[in-house]
Enquirer: 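Here it is: the structure, laid out below.
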Amino acid sequence: MSVVTSRQRRVLVVRIDREEKRNALNAAVTAGIDAAMNTLEDDPELWCGVLTGGTRVFSAGADLASGPGEPTERGGLVGLIHRRRTKPLIAAVEGLALGGGVELVLCCDMVVAARTAQFGLPEVKRGLMPDFGGAFRITRVLPRNVAYELLATGDNLTAERAERLGFVNLLTEPGAALDGALALAERVIANAPLAVRAALDVAHQEVSPDETASWARSDAAHARLLETADLAEGIAAFFERRPPLWSGR
């Protein structure tokens, strides 16, 4: 299975389990995340979710060989990117969260990360751009100039810097991110569940307004990049393990 779930009292732990492929997001991962998020939403006994990955890689993003599979009915891309949730979701991040991995983290309400974790949007290194909402959502959780830095350089942001900037709620020692996220989830489920959902629903309307226009701009920009020679070169260079030779075409 590419996604494994377990229950810790009223918390559903959802773990991406494709570590041999750096937890790359393919059709099986999309189906697994979608099913898990449907369970979280529909089961009245579950009050909070935790999304995590492996000990070395949270997720390296979309699988460049196969793609992430088709969007799901309730969750959209990767079963989560377009989802309208009512229950709190916490990301527990160890190691690398890259590309679509960061975009999954951006879907969560809170982030717990090991001190050694790193976050990056490296799509420009392959001739692409973040197309799972990262290009506009990253500006909501980081200072504008730092968001631009990540988008334009493709370089990684350390967890410690992310915590100082307010993106990460809690830092843990390596290997303890899931435990830290579960401890945070326990603090959440100690409260009245309907009150928590009502408060987050109001907050979501403020920080995540109607994204229709943003998605249209993002999809149009991504479609233009799909026609470029630089994209073909970037993907070829990735699989051939060499630096790309950009042409600007």
Enquirer: Report yes or no: do Val3 and Val57 belong to one cluster of Ile/Leu/Val/Met/Phe/Trp/Tyr joined by side chain heavy-atom distances under 4.5 Å?
Expert: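 Per the 4.5 Å side-chain linkage, Val3 and Val57 are not co-clustered.
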Enquirer: Between Glu211 and Arg140, is there a salt bridge with N-O shorter than 4.0 Å?
Expert: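 So Arg140 pairs with Glu211 through a salt bridge.
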Enquirer: Hey, what do you get for CG (Leu80) to CZ (Arg74), rounding to the nearest 0.5 Å?
Expert: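 With rounding to 0.5 Å, CG (Leu80) is 12.0 Å from CZ (Arg74).
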Enquirer: Is a side-chain N or O of Thr39 found less than 3.5 angstrom from the main chain of Ala35, in a donor-acceptor match?
Expert: yes
Enquirer: Going only through I, L, V, M, F, W and Y residues with side-chain contacts under 4.5 Å, is there a path from Phe136 to Val102?
Expert: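 Per the 4.5 Å side-chain linkage, Phe136 and Val102 are co-clustered.
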Enquirer: Side chain to side chain contact (heavy atoms under 4.5 Å, CB included), that's the test. Do Phe119 and Leu96 meet it? Break it down for me.
Expert: CA-CA 6 Å; Phe119 304 87; Leu96 296 173; over 6 Å; no
Enquirer: Any side-chain to backbone donor/acceptor pair from Glu94 onto Gly53? Under 3.5 Å, distance only.
Expert: no
Enquirer: When you measure from the side chain of Lys87 to the backbone of Leu46, do you find a donor-acceptor pair of N or O atoms at a distance under 3.5 Å?
Expert: yes
Enquirer: So, Arg241 side chain and Ala237 main chain: donor-acceptor pair closer than 3.5 Å or not?
Expert: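 Judged by distance alone, no pair lies under 3.5 Å.
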Enquirer: With a 4.5 Å limit on heavy-atom distance, are the side chains of Phe167 and Leu106 in contact?
Expert: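 They are in contact (side-chain heavy atoms under 4.5 Å apart), so the answer is yes.
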Enquirer: Please answer whether the main-chain N or O of Val4 pairs with a side-chain N or O of Asp17 as donor and acceptor at a distance below 3.5 Å.
Expert: no
Enquirer: Same cluster for Val146 and Leu151 if Ile/Leu/Val/Met/Phe/Trp/Tyr side chains link at under 4.5 Å?
Expert: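 Yes, Val146 connects to Leu151 through the hydrophobic network.
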Enquirer: Between CG of Leu128 and CD1 of Ile235, what distance do you get to the nearest 0.5 Å?
Expert: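 Interatomic distance, Leu128 CG to Ile235 CD1, rounded to 0.5 Å: 5.5 Å.
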Enquirer: State whether the side chain of Arg10 and the backbone N or O of Glu45 hold a donor-acceptor pair below 3.5 Å, judged by distance alone.
Expert: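 Looks like yes, one N/O pair under 3.5 Å.
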Enquirer: Please determine whether residues Val93 and Leu98 belong to a single hydrophobic cluster, defined as Ile, Leu, Val, Met, Phe, Trp and Tyr linked transitively by side-chain heavy-atom distances below 4.5 Å.
Expert: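 No.
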Enquirer: Drop me the distance from Cys48's SG to Gln8's CD, to the nearest 0.5 angstrom.
Expert: 12.0 Å
Enquirer: Side chains of Thr52 and Ile16, heavy atoms from C-beta outward: is any pair under 4.5 Å?
Expert: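 No, too far: nothing below the 4.5 Å cut-off.
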Enquirer: Return yes if some donor-acceptor pair links the side-chain N/O of Asn26 with the main-chain N/O of Asp63 below 3.5 Å, else return no.
Expert: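 Pair absent, no side-chain N/O of Asn26 close to backbone of Asp63.
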Enquirer: With a 4.5 Å cut-off on side-chain heavy-atom distances among I, L, V, M, F, W and Y, is there a chain of contacts connecting Leu165 to Val111?
Expert: yes
Enquirer: Between the main-chain N or O of Ala24 and the side-chain N or O of Ser59, is there a donor-acceptor pair closer than 3.5 Å?
Expert: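 Absent.
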Enquirer: With side chains defined as the heavy atoms from C-beta onward, is the minimum distance between Leu231 and Leu225 less than 4.5 Å?
Expert: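 Leu231 does not reach Leu225 side chain to side chain.
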Enquirer: Compare all side-chain heavy atoms of Phe238 with those of Lys125 and state whether any distance is below 4.5 angstrom.
Expert: no
Enquirer: Measuring from Leu104:CG to Leu89:CG, what's the distance to the nearest 0.5 Å?
Expert: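 With rounding to 0.5 Å, CG (Leu104) is 9.5 Å from CG (Leu89).
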Enquirer: Run the salt bridge (charged side-chain N to carboxylate O under 4.0 Å, His left out) test on Arg7 and Asp43 for me, step by step, so that the C-alpha distance in whole Å, both residues' side-chain angles and the decisive distance to 0.1 Å come before the verdict.
Expert: CA-CA 12 Å; Arg7 294 178 183 237; Asp43 190 334; 2.8 Å; yes
Enquirer: So, Ser218 side chain and Ser214 main chain: donor-acceptor pair closer than 3.5 Å or not?
Expert: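 No, the answer is negative, given that no donor and acceptor are paired below the 3.5 Å cut-off.
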Enquirer: Checking the side chain of Glu41 only, and the main-chain atoms of Thr86 only, is there a donor and an acceptor separated by less than 3.5 Å?
Expert: yes
Enquirer: Between Arg161 and Glu149, is there a salt bridge with N-O shorter than 4.0 Å?
Expert: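 Salt bridge flag = yes for Arg161 with Glu149.
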Enquirer: Roughly how far, to the nearest 0.5 Å, is CZ of Arg197 from NE2 of His204?
Expert: 12.5 Å
Enquirer: Would you say His82 and Pro71 make side-chain contact, with heavy atoms under 4.5 Å?
Expert: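 No, every pair of side-chain atoms sits at 4.5 Å or beyond.
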Enquirer: Would you say that Leu142 contacts Arg137 through its side chain, given a criterion of any heavy-atom pair below 4.5 Å between the two side chains?
Expert: no
Enquirer: Are Ser247 and Asp230 close enough that some pair of their side-chain heavy atoms sits under 4.5 Å apart?
Expert: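 Sidechains of Asp230 and Ser247: in contact.
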Enquirer: So do Glu163 and Arg115 actually touch side chain to side chain, heavy atoms under 4.5 Å?
Expert: no
Enquirer: Do NZ/NE/NH1/NH2 and the carboxylate oxygens of Glu233 and Arg242 come within less than 4.0 Å?
Expert: yes
Enquirer: Can Arg83 and Asp34 be counted as an ion pair, charged N to O under 4.0 angstrom?
Expert: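 Salt bridge present between Arg83 and Asp34.
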Enquirer: With clusters built from Ile, Leu, Val, Met, Phe, Trp and Tyr whose side-chain heavy atoms come within less than 4.5 Å, directly or transitively, what are the remaining members of the cluster of Leu200, listed by chain and number?
Expert: Val11, Val13, Trp47, Val50, Ile90, Met110, Val112, Leu170, Leu178, Leu182, Leu184, Val188, Ile189, Val196
Enquirer: After noting the C-alpha distance and the side-chain angles of Asn23 and Arg15, does the key distance pass the side-chain hydrogen bond (donor to acceptor under 3.5 Å, both in side chains) rule?
Expert: CA-CA 10 Å; Asn23 284 343; Arg15 179 168 60 88; over 6 Å; no
